[in-house]
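All remarks here apply to the structure that follows.
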Amino acid sequence: GQNIDQPTEMTATEGAIVQINCTYQTSGFNGLFWYQQHAGEAPTFLSYNVLDGLEEKGRFSSFLSRSKGYSYLLLKELQMKDSASYLCAVRDEASGTYKYIFGTGTRLKVLA
Amino acid sequence: EAQVTQNPRYLITVTGKKLTVTCSQNMNHEYMSWYRQDPGLGLRQIYYSMNVEVTDKGDVPEGYKVSRKEKRNFPLILESPSPNQTSLYFCASSPPRGASSYNEQFFGPGTRLTVL
């Protein structure tokens with residue numbers, strides 16, 4: 001079956017580093033995605049990984065291990081505006097489908 | 001401005017009264033999708049479309065219909081809405097394979113639907 005797990009909530013301090021983990025199970029894996037969603041707004045794309053390793057984009061980095069079904073999003077130099085929900089998603093292309101499966105999201109609170 | 005638009009943004013309706021939520025994108029995207037977002041359940045895909053006249057079910061298609069008669073529009077139809085379809089709905093689109101942002105979904109602003 002398909003399943004994505006990520007922590008429900010995390011809290012961190014401004015200026016710190018936080019790592020949000022995501023584990024997944026899917027039969028036709030073809031990419032892992034991270035989205036940011038501020039309260040009351042639409043999700044916005046942060047990162048995409050399809051091969052093992054680390055992708056860095058400014059203060060945000062995303063890591064993937066396909067053999068472990070594991071990813072993390074690393075946020076450095078946290079700012080107050082980083083307070084948001086972070087959604088992990090996978091693209092499943094099993095049996096000719098082209099579906100996206102999202103986790104329930106991790107709500108990050110950044111404290112001053 | 002490149003964007004995905006949804007209408008209406010807010011809707012309160014009653015059980016059984018057919019409704020359509022429109023979604024339009026002006027980026028010539030091929031892939032379009034509808035999601036619902038509920039507390040504790042996250043984003044769940046309802047239907048998606050790979051291109052004109054090509055649609056397929058996501059994980060929660062029951063009670064919904066879609067059509068893709070033209071590339072830019074992907075309406076979501078609730079033939080007989082029920083209270084369990086009260087939710088926040090998002091439309092999203094992605095560029096075709098080979099485009100620089102192919103792996104990015106662009107989301108509309110959302111439609112908050114309440115079915116009484």
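Chain letters run A, B, ... following the sequence lines, proteins first and then strands; every chain starts at 1.
- Only the side chain of Phe33(A) comes within less than 4.5 Å of a heavy atom of chain B; its backbone N, CA, C and O stay farther away.
- No more than 12 heavy-atom neighbours from other residues, nucleotides or ligands sit within 6.0 angstrom of NZ on Lys68(A).
- To the nearest 0.5 Å, atom CZ of residue Phe106(B) and atom CZ of residue Phe45(A) are 8.5 Å apart.
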Point to revise | Intermediate values then yes/no, ring-ring contact (aromatic ring centres under 6.0 Å, His included), Tyr35(B) and Tyr100(A) | key: CA-CA 10 Å; Tyr35(B) 298 89; Tyr100(A) 286 89; 7.1 Å; no

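- A distance of 6.0 Å separates CG in Leu43(B) from CD in Gln37(A), rounded to the nearest 0.5 Å.
- Atom CD in Gln37(B) sits 6.5 Å away from atom CG in Leu87(A) (nearest 0.5 Å).
- Residue Pro109(B) comes nearest to Ala42(A) through the heavy atom pair CA-CB, 4.4 Å, listed as atom of the first residue, atom of the second, then distance.
- Heavy-atom distances place no part of Ile4(A) under 4.5 Å from chain B, backbone and side chain included.
- One distance of note links CG of Asn103(B) with CG of Asn49(A); it measures 10.0 Å at 0.5 Å rounding.
- Between Tyr98(A) and Tyr102(B), the ring planes lie tilted relative to each other; the angle falls in the 30° to 60° range.
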Exercise for review: Under the side-chain contact (heavy atoms from CB on, under 4.5 Å) rule, what do Lys99(A) and Asp59(B) come out as? Steps first, then yes or no, please.
Suggested key: CA-CA 8 Å; Lys99(A) 295 182 182 179; Asp59(B) 283 340; 3.4 Å; yes

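- Residue Tyr48(A) touches chain B through its side chain alone, counting heavy-atom pairs closer than 4.5 Å.
- No more than 12 heavy atoms of other residues, nucleotides or ligands lie within 6.0 Å of NZ in Lys57(B), so this atom counts as exposed by the packing criterion.
- Taking both residues in full, the closest heavy atoms of Tyr35(A) and Glu104(B) are given as OH-C, 4.0 Å, listed atom of the first, atom of the second, then distance.
- When Gly105(A), Ser47(A), Pro43(A) are compared by the number of non-hydrogen pairs under 4.5 Å with chain B, Pro43(A) comes out ahead.
- By the 6.0 Å contact criterion, CD1 on Ile12(B) is open, its count of non-hydrogen atoms from other residues, nucleotides or ligands being 12 or less.
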